[in-house]
Amino acid sequence: MERAVARILAETERPVEVYDAILEAIGRPLGWDLGAVWEVDPDDGRLRCIRTWHAANAWEEFEALSASLVLAPGDGLPGRVLASGAPAWIVDAPEDGNFPRASAARRRGLHAGFGFPLHSPRGVVGVVEFFSARLREPDQELLAAMSALGSHVGQFVARRRVEQEVRASESRLRAMLDAALDAVVTMDHRGRVIGWNPAAEATFGYGASEAIGRDMAELIVPPSLRAAHRQGLARFLGTQQGVMLDRRLELTGMRRNGSEFPVELTVTRIALPGPPTFTGYLRDITERVSALDELRASRARLVEVADAERRRIQRNLHDGAQQRLTSVLLYLGRLRSSAAESQPLLDIAIDELAAGLEEIRELAGGLHPSTLAERGLACALEALLMRTPLPIELDVVADRRVPEAVEAAAYYVIAEAIANAHKHARATHVAVGVTAGDRCLCVTITDDGVGGADLSGGGLRGLADRVDALGGRLSVDSPVTCGTRMRAEIPYSPSSTARSLDLAVNRQATRGSPH
């Protein structure tokens with residue numbers, strides 16, 4: 001019987017057939033009339049009858065009742081075996097006080113019964129029971145043999161459950177990959193594609209059958225990035241340290257037709273034994289990048305419109321109100337010169353008008369310095385330094401004229417930084433550096449004041465927004481009592497820098513207080 005059970009477990013794969021064959025192999029040689037297999041439900045821990053067997057006579061009522069019952073640990077013969085983890089014997093089932101099927105057993109003439117557990121590494125996973133139409137005394141040798149057989153069958157049940165769980169997990173994973181909106185691409189340690197979901201097919205234009213087995217670098221990585229991709233893979237295989245793993249990056253992908261497009265990429269290593277395997281999650285962000293570019297362009301246009309309006313107001317003040325007030329001041333001066341005697345009120349009016357005219361001139365210059373538009377950033381900064389009561393070191397490195405919007409942003413950043421250093425930081429020295437690179441204008445302002453500047457403040461926040469609108473970045477490092485360092489990087493289009501600027505390279509100027 002033991003050899004028969006071992007052969008059944010080795011040669012039979014379907015659980016139903018295994019249970020049928022085992023019940024037959026045990027029940028018939030030992031002379032038992034009815035048998036059943038109960039399994040423990042992993043979710044609620046209760047027993048349910050999975051399969052029944054009978055030798056000759058049919059026991060329909062008893063078998064149907066068994067199939068309908070759900071037994072908790074300790075209930076009935078199967079429940080007692082489950083609770084104790086050991087075989088159990090009933091001499092006369094109808095007279096047993098803990099046997100829910102006693103009435104059916106009495107009507108059908110069933111008496112003796114025994115059950116044994118199906119042990120596995122996960123614990124008891126089921127119970128097998130047999131019944132006889134005769135009264136039979138407990139047989140300890142039989143129970144011991146059944147306990148050993150139960151361990152073999154229990155391991156089979158546990159293995160089958162693990163296989164079912166793996167298949168279910170694989171099915172869920174496949175369903176998730178098929179339903180994913182992002183392209184999911186899996187690559188082995190050789191750089192070959194071993195996984196390719198439907199979203200990857202739609203994104204890159206290759207079917208799964210075409211992509212699997214191909215070199216991923218040749219498939220979806222643009223030629224300009226392939227060397228870096230292969231170097232990164234080789235570095236990881238050699239050091240087990242990846243620079244790109246588990247990070248969200250924005251890179252460039254390549255479709256089947258050779259067109260390149262922006263993608264958001266996250267690469268993670270699959271935790272499996274053996275050579276490393278990687279999964280990449282890729283998302284086509286063409287629309288997002290286009291929307292972001294359009295947003296930046298619209299913000300840049302707003303900055304340009306605002307600067308144009310500032311220039312218009314500055315010109316109106318300079319050419320209109322300022323000229324008129326200057327004429328009035330001249331007339332008043334001539335009137336005072338021709339007066340026969342001193343006129344105190346006239347003197348006061350002339351002084352007030354002169355002060356107001358100076359305020360308008362300063363207001364016009366603050367709106368948009370005419371020197372900035374006419375002669376460029378370096379000259380505008382030199383004029384600004386002449387009006388600043390602080391020693392300022394200016395270093396401008398530029399050999400070309402940059403776009404007006406970039407010049408204006410740089411000017412206002414420097415002007416605001418100098419004003420803050422004078423009014424709030426109580427600085428005694430300020431250094432300003434301007435460098436016109438190939439792609440951006442870099443501005444650095446450093447002072448020796450009290451520090452504590454914050455980008456969330458109103459003035460600096462407005463400057464940061466202006467720089468950001470042009471695609472740049474403004475940073476502030478201002479530890480308390482250690483001074484402030486402000487840096488702005490403002491990009492510009494190379495095509496817009498064609499105009500030359502007659503500036504001395506490495507122009508350096510040190511200005512003291514004009515007062």
Side-chain angles (χ1 to χ4, degrees), residues 1 5 15-16 18-120 123-154 157:
M1 182 184 61
V5 170
V16 172
V18 168
Y19 288 146
D20 286 341
I22 288 176
L23 290 173
E24 173 76 20
I26 296 175
R28 193 172 296 280
L30 297 180
W32 294 83
D33 300 301
L34 178 66
V37 177
W38 299 71
E39 281 194 0
V40 179
D41 190 320
D43 295 328
D44 60 15
R46 299 199 292 176
L47 287 162
R48 288 172 172 80
C49 185
I50 302 301
R51 204 69 180 169
T52 60
W53 165 88
H54 52 265
N57 298 326
W59 312 83
E60 291 88 351
E61 180 186 359
F62 192 84
E63 291 181 70
L65 179 59
S66 298
S68 66
L69 286 178
V70 178
L71 300 177
D75 293 344
L77 176 59
R80 276 182 279 177
V81 174
L82 174 61
S84 65
W89 191 287
I90 299 177
V91 176
D92 190 4
E95 302 303 323
D96 190 272
N98 182 14
F99 195 73
R101 296 165 289 173
S103 298
R106 185 178 296 106
R107 286 192 297 272
R108 303 306 301 167
L110 290 175
H111 293 282
F114 76 92
F116 59 91
L118 304 181
H119 282 287
S120 78
V124 178
V125 294
V127 174
V128 176
E129 64 178 3
F130 286 95
F131 294 96
S132 173
R134 298 181 294 113
L135 296 173
R136 300 175 67 164
E137 294 298 322
D139 185 339
Q140 297 301 325
E141 185 177 358
L142 174 62
L143 293 179
M146 293 301 103
S147 181
L149 285 179
S151 296
H152 295 303
V153 179
V157 174

**Student:** Give the minimum heavy-atom separation between L23 and A36, together with the two atoms involved.
**Tutor:**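 Looking at all heavy atoms of both residues, the closest pair is CD2-N, 3.9 Å.
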**Student:** Compare every heavy atom of S132 with every heavy atom of G31, then report the nearest pair and how far apart it is.
**Tutor:**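 It is O-OG, 4.5 Å.
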**Student:** Taking only residues at least two apart or on different chains, which pairs with a member in residues 98-109 satisfy side-chain hydrogen bond (donor to acceptor under 3.5 Å, both in side chains)?
**Tutor:**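 Of all non-adjacent pairs touching residues 98-109, those that pass side-chain hydrogen bond (donor to acceptor under 3.5 Å, both in side chains) are E61-R107, S66-R101, R101-E129.
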**Student:** How many angstroms lie between atom CZ of R48 and atom CG of L71, to the nearest 0.5 angstrom?
**Tutor:**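 Rounded to the nearest 0.5 Å, the CZ-CG separation comes to 9.5 Å.
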**Student:** Working to the nearest 0.5 angstrom, can you tell me the gap between D33 CG and R28 CZ?
**Tutor:**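 The CG atom of D33 sits 10.0 Å away from the CZ atom of R28.
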**Student:** What's the verdict on side-chain contact (heavy atoms from CB on, under 4.5 Å) for F116 and I26, showing C-alpha distance, side-chain angles and the deciding distance?
**Tutor:** CA-CA 12 Å; F116 59 91; I26 296 175; 4.1 Å; yes
**Student:** On a heavy-atom basis, which atom in P87 and which in P117 lie closest, and how many Å separate them?
**Tutor:**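 For P87 versus P117, the nearest heavy atoms are N-CD, 3.8 Å.
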**Student:** Looking at side-chain heavy atoms only, is the closest gap between V37 and V128 below 4.5 Å?
**Tutor:**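 Side-chain contact under 4.5 Å: yes.
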**Student:** Could you tell me whether the side chain of L47 reaches within less than 4.5 Å of the side chain of V70, counting heavy atoms only?
**Tutor:**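 No, side chains not in contact.
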**Student:** Sort out for me which residue in W53, F114, W59, F99 forms a ring-ring contact (aromatic ring centres under 6.0 Å, His included) with F131.
**Tutor:**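 Among W53, F114, W59, F99, the one meeting ring-ring contact (aromatic ring centres under 6.0 Å, His included) with F131 is F99.
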**Student:** Rounded to the nearest 0.5 Å, what separates atom CG in L82 from atom CG in L77?
**Tutor:**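 So the gap between those two atoms works out to 11.5 Å.
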**Student:** I need the minimum non-hydrogen distance between V91 and P138, along with the two atoms involved.
**Tutor:**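 Looking at all heavy atoms of both residues, the shortest contact is CG2-CD, 3.9 Å.
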**Student:** Using ring pair (Phe, Tyr, Trp, His ring centres under 6.0 Å) as the criterion, list what pairs up with Y19, not counting sequence neighbours.
**Tutor:**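 Counting only residues at least two positions away or on another chain, Y19 forms no ring pair (Phe, Tyr, Trp, His ring centres under 6.0 Å).
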**Student:** Testing the basics here: between A83 and G74, what is the closest heavy-atom pair and its distance to 0.1 Å?
**Tutor:**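 Looking at all heavy atoms of both residues, the closest pair is CB-N, 3.8 Å.
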**Student:** P100 and G76: which non-hydrogen atoms are nearest, and at how many Å?
**Tutor:**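 Smallest heavy-atom distance, with atoms named: CD-CA, 3.5 Å.
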**Student:** Judged by atom type as modelled, is there a donor-acceptor pair below 3.5 Å linking the side chain of H119 to the main-chain atoms of S147?
**Tutor:**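 Such a contact is absent between H119 side chain and S147 backbone.
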**Student:** Rounded to the nearest 0.5 Å, what separates atom CG in L34 from atom NE2 in H54?
**Tutor:**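 One finds 8.5 Å between CG of L34 and NE2 of H54.
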**Student:** Going through the distances and angles, do R51 and E39 end up as a side-chain contact (heavy atoms from CB on, under 4.5 Å)?
**Tutor:** CA-CA 9 Å; R51 204 69 180 169; E39 281 194 0; over 6 Å; no
**Student:** Determine the interplanar angle of the W89 and W32 rings, folded into 0 to 90°, and report it as parallel if under 30°, tilted if 30 to 60°, perpendicular if over 60°.
**Tutor:**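 It falls in the perpendicular class, over 60°.
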**Student:** Would a 4.5 Å heavy-atom cut-off, applied to side chains only, mark V81 and P78 as touching?
**Tutor:**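 They are not in side-chain contact.
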**Student:** For residues 134-145, pull every pair meeting side-chain hydrogen bond (donor to acceptor under 3.5 Å, both in side chains), keeping only residues two or more places apart or in separate chains.
**Tutor:**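 Counting only pairs at least two positions apart or across chains, no side-chain hydrogen bond (donor to acceptor under 3.5 Å, both in side chains) contact touches residues 134-145.
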**Student:** Rounded to the nearest 0.5 Å, what's the gap from CG on L149 to CG on L118? Could you check?
**Tutor:**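 Nearest 0.5 Å value for the CG-CG distance: 10.0 Å.
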**Student:** Do I22 and H152 pass the side-chain contact (heavy atoms from CB on, under 4.5 Å) test, and can you show the C-alpha distance, the side-chain angles, and the key distance before you say yes or no?
**Tutor:** CA-CA 11 Å; I22 288 176; H152 295 303; over 6 Å; no
